[in-house]
Amino acid sequence: MRRLRILLIRLLVADLALTLIFFGLTRFVDQTDKISHGTGVVFYSASPREANARIDKGIALLEAGKVDRLIMVGGHRPQEGIVGSQDMALTAIRKSGYGARISADISSRDTISGLQNLASQPAIADTDQVVLISNCMHLLRAKFAYHSFSQDAPHARSACAKSSLNPVDIWQRAHYEAIAWIVYALPDSWRRNILDRLRGGRSGD
């Protein structure tokens, strides 16, 4: 029993250390100061606090002239009857008044489908830089995914939205990201099946 207790303590310490290292490293993902123009891509979050922080970051970049327009992606939840990206776009329009410069991809359910759908957006074809907007821990994965299957797409920069510094929130987000990286590494058919179960079928399915 004593050995088991020691093992559990060591695993807990290692887990907390890895979480802290991951959180610290992702602080370097933010490139807000290097952004001069482009199209902002704001990722959906089911957390109202996170969603508002991402919306506010996008609006700030828009008002500063660092991006020309915003596209909200993700959050299509057929089983819940919501389209998260559309809700975020409407919120951003109400907050900023920039209705003509804010739009939403209403069919994407996750980071990958949101990035894949960007290719069909006219705004992306006309820009030479994409600005990915989310929290820092998510952006590490989003930027990697973007460049992994978008070799001919515009260059991407990342802009971190304000996120919670509560240790519990950081721990939860870090472990969510760990699971998301595993799902990302799965074959496409497996990943789609998982999403079908968790978030409902795709449009047209």
Side-chain angles (χ1 to χ4, degrees), residues 1-34 41-57 72-80 82 84-85 88 108-116 131-150 156-202:
M1 181 63 72
R2 183 172 178 274
R3 288 183 178 179
L4 179 60
R5 189 182 303 115
I6 292 173
L7 176 61
L8 290 175
I9 291 173
R10 287 178 176 175
L11 289 174
L12 177 61
V13 170
D15 179 72
L16 293 175
L18 289 172
T19 297
L20 183 61
I21 292 170
F22 178 61
F23 174 76
L25 289 175
T26 57
R27 299 301 93 185
F28 296 100
V29 172
D30 190 30
Q31 298 176 302
T32 300
D33 293 341
K34 299 179 181 179
V41 178
V42 183
F43 291 93
Y44 168 77
S45 173
S47 162
R49 180 177 58 188
E50 281 278 345
N52 284 322
R54 297 175 191 188
I55 290 168
D56 290 343
K57 181 69 174 186
M72 312 292 175
V73 301
H76 180 54
R77 304 287 187 269
Q79 83 282 19
E80 298 175 29
I82 65 171
S85 58
M88 287 179 64
S108 54
R109 299 181 295 170
D110 65 333
T111 299
I112 305 304
S113 60
L115 292 173
Q116 289 172 333
V131 179
L132 306 179
I133 303 167
S134 185
N135 68 66
C136 289
M137 285 191 277
H138 176 216
L139 283 173
L140 185 66
R141 174 168 55 92
K143 196 171 182 182
F144 180 87
Y146 177 86
H147 286 299
S148 70
F149 56 72
S150 304
R157 290 196 182 276
S158 47
C160 293
K162 186 181 294 184
S163 58
S164 172
L165 296 179
N166 183 303
V168 175
D169 292 338
I170 292 172
W171 185 89
Q172 289 178 335
R173 184 71 209 192
H175 286 74
Y176 175 92
E177 285 300 318
I179 295 171
W181 275 101
I182 293 171
V183 173
Y184 170 70
L186 294 175
D188 286 345
S189 60
W190 293 18
R191 182 175 59 82
R192 286 195 296 268
N193 287 335
I194 290 172
L195 289 174
D196 287 344
R197 289 179 177 275
L198 295 177
R199 297 177 176 176
R202 290 156 284 171

> So, does Arg77 use its side chain to make a donor-acceptor pair with the main chain of Arg109 at under 3.5 Å?
Replying inline: yes
> So, Asp169 versus Ser164: side-chain donor-acceptor pair below 3.5 Å or not?
Replying inline: yes
>> Using only atom types and a distance under 3.5 Å, with no angle test, would you say the side chain of Ser108 pairs donor to acceptor with the backbone of Val73?
In response: no
>> Under the criterion side chain to side chain contact (heavy atoms under 4.5 Å, CB included), I'd like the reasoning laid out for Gln31 against Val131: C-alpha separation, chi angles, the key distance, then a yes or no.
In response: CA-CA 9 Å; Gln31 298 176 302; Val131 179; over 6 Å; no
> How far apart are the closest heavy atoms of Ser158 and Leu139, and which atoms are they?
Replying inline: CB-CD1, 3.9 Å
> Does the side chain of Phe22 come within less than 4.5 Å of Ile170's, by heavy atoms?
Replying inline: no
> Could you state the interatomic distance from CD1 (Ile112) to CZ (Arg192), rounded to the nearest 0.5 Å?
Replying inline: 12.0 Å
> Where is the tightest heavy-atom contact between Met88 and Ala51, given as atom of each residue plus distance?
Replying inline: CE-O, 3.9 Å
>> Any heavy-atom pair between the side chains of Leu132 and His138 that's under 4.5 Å?
In response: no
>> Can you confirm whether Arg10 is buried at CZ, in the sense that more than 12 heavy atoms of other residues, nucleotides or ligands lie under 6.0 Å from that atom?
In response: no
> Atom NZ in Lys57, atom OG in Ser134: separation rounded to 0.5 Å?
Replying inline: 12.0 Å
> To the nearest 0.5 Å, what is the distance between CD1 (Ile21) and CG (Leu16)?
Replying inline: 11.0 Å
>> With no hydrogens and no angle check, just 3.5 Å: does a side-chain donor-acceptor pair link Tyr184 and Ser148?
In response: yes
> Short question: side chain of Asp15, backbone of Leu11 - any donor-acceptor pair under 3.5 Å?
Replying inline: no
>> Against Leu8, only a single residue in Leu4, Leu12, Ile6 fulfils side chain to side chain contact (heavy atoms under 4.5 Å, CB included); can you say which?
In response: Leu4
>> Does any part of the side chain of Thr32, heavy atoms only, come nearer than 4.5 Å to the side chain of Arg157, both counted from C-beta?
In response: no
>> Ignoring hydrogens, what is the shortest heavy-atom contact between Lys143 and Ala156? Give both atom names and the distance.
In response: CE-O, 3.2 Å
> Once you round to the nearest 0.5 Å, how far does CZ of Phe23 lie from CG of Asn135?
Replying inline: 9.5 Å
> Does Arg191 pair with Asp110 as a salt bridge, N-O distance under 4.0 Å?
Replying inline: yes
> Roughly how far, to the nearest 0.5 Å, is CD of Glu177 from SG of Cys136?
Replying inline: 11.0 Å
> Hey, what do you get for CZ (Arg173) to OG1 (Thr26), rounding to the nearest 0.5 Å?
Replying inline: 10.5 Å
> Hey, are the side chains of Phe43 and Leu115 touching, using non-hydrogen atoms and a 4.5 Å cut-off?
Replying inline: yes
> So His76 and Ser85, side chain to side chain contact (heavy atoms under 4.5 Å, CB included) or not? Walk me through it.
Replying inline: CA-CA 7 Å; His76 180 54; Ser85 58; over 6 Å; no
> Any side-chain heavy atom of Trp181 sitting closer than 4.5 Å to one from Arg141?
Replying inline: yes
>> Please give me the minimum heavy-atom distance between Ala53 and Ala161, naming the atom from each residue.
In response: O-CB, 3.6 Å
